[in-house]
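Because only heavy atoms are used, hydrogens play no part in the values below, and waters and symmetry mates are left out as well, while side chains stay in. Just so you know, ligand 1 is whichever comes first in the structure, and atom 1 is the first atom listed for that ligand.
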Amino acid sequence: MLEELRLVPHWVLRSPGGGDHDRGTMPAAVPGVQPAAAPSDASAMSREARIAGMDWAQLKAAVRECTACRLHSGRTQTVFGVGDETADWLFIGEGPGAEEDARGEPFVGQAGRLLDNMLAAIGLKRGQDVYIANIVKCRPPGNRVPEPSEAGACDAFLRRQIALMRPRLLIALGKTAASNLLSSDASIGSLRGRLHECGGLPLIVTYHPAYLLRNLIDKAKAWEDLCFARETMERLKAQAPAQP
Ligand code: SF4
């Protein structure tokens, strides 16, 4: 759309010696309209393009080395995600906590045990047709909610994981995951109980296990969400059986 409107700057590869002359290729600014790609945006775009072309091994290495947001400074290690890389089910939480940061695996503390129980309740098991990831791969200090800039910096990694995995169904665990995946500020209460769409894939919202540990009353609602997810998966599989 921006190209159609001619709002995209025309970028030209710098001559080997560099120099200022190539800066003249940018069009004059359109009043009231931000250029589509300032130089820093352009480097962000090229980072995203690079990530979008990675295989699993390259992606894991890139995450391990990543310093794209300030969360890198407080981590013990990155927490890439865990499970079956060809899974139909992708569960997405918020970010690593202290135990996850120490062990390098998502959902390994008390909340992780509850998640495992939730999986078992619908006949699933961590690592078997199930993958678990987070919105951010590094632990936010004090287990705070990731800032939008941090979630934005990490987004390309998660999107590449999804593209490589091609799961049938995404489950957003908690508000941070739902907000980022759906670009919505709505409450969990208003988002759960129906099917959403994220990047062409169906998505269901439910509570984060850590929240459920503090709010036992909502476990019944989480159970409803899991039943809805299981029914949805059955329907998706009936519509498009797995290729032999
Ligand atoms: Fe990089 Fe994501 Fe860690 Fe930020 S949270 S440093 S974007 S891996």
Among protein heavy atoms, which sits nearest to [atom], and what does the distance come to when rounded to 0.1 Å?
| atom | result |
| --- | --- |
| atom 3 (Fe) of ligand 1 | C138 SG, 2.3 Å |
| atom 1 (Fe) of ligand 1 | C66 SG, 2.2 Å |
| atom 2 (Fe) of ligand 1 | C154 SG, 2.3 Å |

- Would a distance-only check, ignoring hydrogens and angles, find a side-chain to backbone donor-acceptor pair under 3.5 Å from R160 to L59?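 No, R160 side chain to L59 backbone: no donor-acceptor pair under 3.5 Å.
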- Query: Within the side chain of D88, is there an N or O that forms a donor-acceptor pair under 3.5 Å with the backbone of P167?
  - Reply: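 Here the side-chain-to-backbone pair does not exist.
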- Would you mind telling me if ligand 1 is within reach of the side chain of R75, the backbone, both or neither, using heavy atoms under 4.0 Å?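 The side chain, only.
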- Query: From atom 1 (Fe) of ligand 1 out to just under 2.8 Å, does an N/O/S atom of C69 turn up?
  - Reply: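 Looking at C69, which is the residue asked about, there is no N, O or S atom under 2.8 Å from atom 1 (Fe) of ligand 1.
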- Query: R70 near ligand 1, heavy-atom distance under 4.0 Å?
  - Reply: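 In this structure, R70 fails to qualify as a contact of ligand 1 - no heavy atom is under 4.0 Å.
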In this structure, are over 12 heavy atoms from other groups packed under 6.0 Å from [X] atom [atom1]?
| X | atom1 | answer |
| --- | --- | --- |
| K237 | NZ | yes |
| I217 | CD1 | no |
| R144 | CZ | yes |

- Query: Which word best sums up how the rings of F80 and Y131 line up, parallel for under 30°, tilted for 30 to 60°, or perpendicular for over 60°?
  - Reply: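 If you compare the ring of F80 with that of Y131, the planes turn out perpendicular.
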Ligand 1 atoms in contact with [X] (distance to a heavy atom under 4.0 Å):
| X | result |
| --- | --- |
| A153 | 7 (S) |
| H72 | 6 (S) |
| K137 | 5 (S), 8 (S) |

- Message: Would K175 and D185 count as a side-chain contact (heavy atoms from CB on, under 4.5 Å) here? Give the steps.
- Response: CA-CA 8 Å; K175 173 132 172 79; D185 231 8; 3.9 Å; yes
